[in-house]
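Letters A, B, ... are given to chains in the order of the sequence lines, protein chains preceding strands, and every chain is numbered from 1.
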There are 2 protein chains.
Amino acid sequence: MPPTTPAQPRRRDRRRARHEATKREILDTAWSMVRTDGLAALSLRALAHAVDMEPQSLYTYFASKNALYDHMFADGNQELARRFADTEIPGEPRAALRAVARLFVEFATQDQARYQLLFLRTIPGFRPSPESYAIAVEVLDSGRAVLTRAGLRADADFDLWTALVAGLASQQLANDPGGDRYVRLIDDAVTMFADHVLGARRPHRAPVPEAPPAPAS
Amino acid sequence: MPPTTPAQPRRRDRRRARHEATKREILDTAWSMVRTDGLAALSLRALAHAVDMEPQSLYTYFASKNALYDHMFADGNQELARRFADTEIPGEPRAALRAVARLFVEFATQDQARYQLLFLRTIPGFRPSPESYAIAVEVLDSGRAVLTRAGLRADADFDLWTALVAGLASQQLANDPGGDRYVRLIDDAVTMFADHVLGARRPHRAPVPEAPPAPAS
DNA sequence: GTCTATATCCAGATAGAC
DNA sequence: GTCTATCTGGATATAGAC
């Protein structure tokens, strides 16, 4: 019998685990609902009934609707962070840019509601908590680290980069949801960007095989 | 006495003019409200009281809330069309691209709610009517015409263009509303784009004065 | 931790008098 | 064209029994 593990803490752990499991189920259900009905259309009543609860019981898990949005915000950013961690980023600068662009645009275009919650100001009055926002900053820093390794130095270049990939994602979601009209432009966009900030290895879209890599600055 | 203009029609005209004026006032008030409270936060009650009406009276002017959104959608697109018509677009390709990029990004960043209504799918269930959507298509065609004149041929290039300018606008609104962190990247972004699709007149950001204009294709 | 009961207020929309 | 009156339903949130 383990001496330093009395029964009480273990039971408390079990209870807490169950609490977390229910919370997880609520969050997953919420995601599924906003995916079909739209982010702003989420109602706590409908959510509660979808998990077989009375609406009031939700308040055991989330203090308010905005608190729920806040958890979803953290959740989505954590998912993106996980993908960053799980993706091997090539050392070659252009390949690295392609990898991170694909990673982000794929993540963004998979879920319109998630994109709106994480990157647009769709819900009036919603502001992520400092803790949740910190995760978003961490993710952004992951992206920045990749670009720095690829030879990017200027903040303005990083901003141009985020505008480019966010633009592809945004247009894909708004004008061709579920399609690939803008997704398929990713590689071309990366080439355009890399030519601009890293120096053109190949002039004007004509591929030059075996050209030496261009220096960063 | 004018023979072919009886009194009845004139009175009808006056009434209709008054009707249109009130409609205009409601629309303007709605714009002002969504600008401060957020697009999705608009309520017909609050709107009605802001124009000193009972909520029910609004239905004389707009058949539903979505009908109001639809009029706002048309309204915003008409404003953008007006700006296109009023702006002189230079003949030189890069200058033309700069002009249209500035025009669009300025319009977009002036009003977050308007941007969300016109270009993002913020309101669950809202779809513009065919008549309103036609105005949006017309505006898009204006932009396309400028790029065609500048030497752009491929549809994919036009899509890359809209992604780029929409990305700048979107990031400006989401991450630095009211500032110019992304707006000031417009010229750089246009250079990047033009180098890519029109051919690099200047290699890697080093301006070459008096260089001959590059051919379109 | 979940429920019943309730509070409070708001939403969009319709009917019909004036 | 605007009002009063009303419908119907929804929203978020709290109190307290079990």
> Can A/S57 and A/T60 be counted as having a side-chain donor-acceptor contact under 3.5 angstrom?
Replying inline: no
> In whole angstrom, what separates A/L42's CG from D/dT12's P?
Replying inline: 8 Å
> Closest to the B/R15 side chain: C/dC3, C/dA5, D/dG1?
Replying inline: D/dG1
>> In this structure, how many angstroms lie between the P atom of C/dA15 and the OH atom of B/Y59, rounded?
In response: 12 Å
> Within this structure, what is the CZ-to-C1' distance between B/F62 and C/dT14, rounded to whole angstrom?
Replying inline: 19 Å
> What integer distance in Å separates B/R14:CZ from D/dG1:P?
Replying inline: 14 Å
> Which residue, B/A63 or A/E54, contacts DNA chain C at a nucleotide closer to its 5' end, judged by nearest heavy atom?
Replying inline: A/E54
> Between C/dG1 and A/T60, is there an OP1 or OP2 to side-chain N/O distance shorter than 4.0 Å?
Replying inline: no
>> If I take atom CD in residue B/E25 and atom P in nucleotide D/dG1, what distance separates them, rounded to the nearest angstrom?
In response: 14 Å
> Closest nucleotide of DNA chain D for A/L44 versus for B/H19: which of these residues is on the 5' side?
Replying inline: B/H19
>> Check the phosphate of C/dC3 against A/S57, side-chain N and O only, distance under 4.0 Å to OP1 or OP2. Yes or no?
In response: yes
>> Does D/dG10 have its OP1 or OP2 closer than 4.0 Å to a side-chain nitrogen or oxygen of A/R45?
In response: no
>> Without decimals, in angstroms, what is the distance between A/K65 NZ and D/dA11 P?
In response: 8 Å
> Once the angle between the rings of A/F104 and A/Y115 is folded into 0 to 90°, is it parallel (under 30°), tilted (30 to 60°) or perpendicular (over 60°)?
Replying inline: perpendicular
> How would you label the contact of A/T22 with the nucleic acid (heavy atoms, under 4.0 Å): base, sugar-phosphate, or nothing?
Replying inline: nothing
>> Expressed as a whole number of angstroms, how long is the span from A/I26:CD1 to C/dG1:C1'?
In response: 11 Å
> Between B/Q56 (CD) and D/dG1 (C1'), how many Å, whole number?
Replying inline: 13 Å
> Distance only, no hydrogens: is a donor on one side chain within 3.5 Å (strictly under) of an acceptor on the other, for A/W31 and A/D75?
Replying inline: yes
> Going by atom types alone, do B/Q171 and A/T162 pair a side-chain donor with an acceptor below 3.5 Å?
Replying inline: yes
>> Run B/D187 and B/R94 through salt bridge (Lys or Arg N to Asp or Glu O under 4.0 Å) and show every step you take.
In response: CA-CA 10 Å; B/D187 287 1; B/R94 283 159 189 264; over 6 Å; no
> Would one find a side-chain N or O of B/Y61 under 4.0 angstrom from OP1 or OP2 of D/dG1?
Replying inline: no
